[in-house]
Amino acid sequence: ETGVTQSPTHLIKTRGQQVTLRCSSQSGHNTVSWYQQALGQGPQFIFQYYREEENGRGNFPPRFSGLQFPNYSSELNVNALELDDSALYLCASSLLGTGTQYFGPGTRLTVL
Amino acid sequence: QQPVQSPQAVILREGEDAVINCSSSKALYSVHWYRQKHGEAPVFLMILLKGGEQKGHDKISASFNEKKQQSSLYLTASQLSYSGTYFCGTGVNFGNEKLTFGTGTRLTIIP
């Protein structure tokens, strides 16, 4: 158990809809990173949040956005959902500077 | 670019040893190893930092050759619980880890 929690566990949406995924970081951690993992692939970095600001972004369009709150929890928002957005979305919590990231259980998003 | 892992898949009998390799075309600061079981989140195994160190715990160890930008994960006397997909994640900056993961190595341990 890493202490990183995510909600919801599963989600089914239709094309064009919007979705919000949530992540609570491990106690003592100040950084949250979000990853998208398609079936059979490794996780792909979406963005990272530190002190409530985006601290780096991967190759994802602006319709992927996020927030970090004062308690270091975080949200991932995806607008105008596309079929290819179907994936496991993982958040990873860390203490900036230590390098080690601990993953939450993920949210399985299915876009129909 | 994504690091390249080899082999893509391997099947071993309990008690045998395995080596999983991770190679990058970029200059790396760190290599992170994770194991993921089907339907679960990746579980952190270890991190290796620039400096060519070798780390390990129990029967799982790893090395990092920064000159070659390669890392290897060694699993000795494998146990059934070692089954899963192993991913290496690479980082290029200190303390600001935005990991780039390889495509994974599926390890199956049979009795």
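Quick caveat, the model's predicted, so the values are computed rather than measured. First the proteins, then the strands, lettered A, B, ... as listed; each starts at 1.
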Self-check item: Residue pair Phe103(A), Phe44(B): steps toward the ring-ring contact (aromatic ring centres under 6.0 Å, His included) verdict
Solution: CA-CA 8 Å; Phe103(A) 283 90; Phe44(B) 173 75; 9.7 Å; no
Quiz item: Are there more than 12 heavy atoms of other residues, nucleotides or ligands under 6.0 Å from atom NZ of Lys37(B)?
Solution: yes
Practice problem: Of all the heavy-atom pairs spanning Phe87(B) and Gln41(A), show the shortest one and how long it is. | Solution: CZ-O, 3.7 Å
Exercise. Identify which of Pro43(A), Ser33(A), Gly56(A) forms the greatest number of heavy-atom pairs closer than 4.5 Å to chain B.
Key: Pro43(A)
Quiz prompt | Pairs touching residues 1-17 of chain B that satisfy salt bridge (charged side-chain N to carboxylate O under 4.0 Å, His left out), sequence neighbours left out | solution = none
Quiz prompt | hydrophobic_cluster_shared for Tyr35(A) and Phe64(A), side chain cutoff 4.5 Å | solution = no
Quiz item: Are Leu28(B) and Leu73(B) linked, directly or through other ILVMFWY residues, by side chains that come within less than 4.5 angstrom of each other?
Solution: yes
Practice problem: Go through the structure and list residues passing side-chain hydrogen bond (donor to acceptor under 3.5 Å, both in side chains) with Gln69(B), not counting sequence neighbours. | Solution: none
Practice problem: Give a yes or no on this: more than 12 heavy atoms of other residues, nucleotides or ligands lie within 6.0 Å of atom CZ of Arg51(A). | Solution: no
Quiz item: Just checking heavy atoms, which of residues 67-95 of chain A are less than 4.5 Å from chain B?
Solution: Leu88(A), Leu90(A)
Practice problem: Can you see which heavy atom on Ala41(B) is nearest to which on Pro105(A), and at what distance? | Solution: CB-CA, 3.8 Å
Self-check item: Partner chain B: residue of Gln6(A), Gln37(A), Arg108(A), Arg57(A) with the largest heavy-atom pair count (under 4.5 Å)
Solution: Gln37(A)
Self-check item: Crowding at CD1, Ile11(B) (>12 non-hydrogen neighbours, <6.0 Å)
Solution: no
Practice problem: Find out if a path of hydrophobic residues (ILVMFWY) with successive side-chain heavy-atom gaps under 4.5 Å connects Val32(A) to Tyr34(B). | Solution: no
Quiz item: Should Phe47(A) and Val4(A) be counted in the same cluster of Ile, Leu, Val, Met, Phe, Trp and Tyr side chains packed under 4.5 Å apart?
Solution: no
Side chains of residues 3-10 of chain B: which donor-acceptor partners sit under 3.5 Å, not counting sequence neighbours?
unit_1: Gln5(B); atom_1: OE1; unit_2: Cys88(B); atom_2: N; d: 3.1
unit_1: Gln5(B); atom_1: OE1; unit_2: Gly104(B); atom_2: N; d: 3.1
unit_1: Gln5(B); atom_1: NE2; unit_2: Tyr86(B); atom_2: O; d: 2.8
unit_1: Gln5(B); atom_1: NE2; unit_2: Thr105(B); atom_2: OG1; d: 3.3

Quiz prompt | Working for side chain to side chain contact (heavy atoms under 4.5 Å, CB included), residues His32(B) and Thr100(A) | solution = CA-CA 8 Å; His32(B) 308 234; Thr100(A) 305; 5.8 Å; no
Practice problem: Consider only side-chain N and O atoms of Gln44(A) and Gln2(B), and report whether a donor and an acceptor are under 3.5 Å apart. | Solution: no
Quiz prompt | Under 4.5 Å from a heavy atom of chain B, the part of Tyr50(A) involved | solution = neither
Practice problem: Taking all non-hydrogen atoms of both residues into account, name the closest pair between Lys98(B) and Phe45(A) and its distance. | Solution: CG-CZ, 3.5 Å
Quiz item: Is Trp34(A) reachable from Tyr102(A) through a run of I, L, V, M, F, W or Y residues, each pair having side-chain heavy atoms under 4.5 Å apart?
Solution: no
Exercise. Name the option with the most non-hydrogen atom pairs under 4.5 Å to chain A; the candidates are Val43(B), Thr103(B), Leu99(B).
Key: Leu99(B)
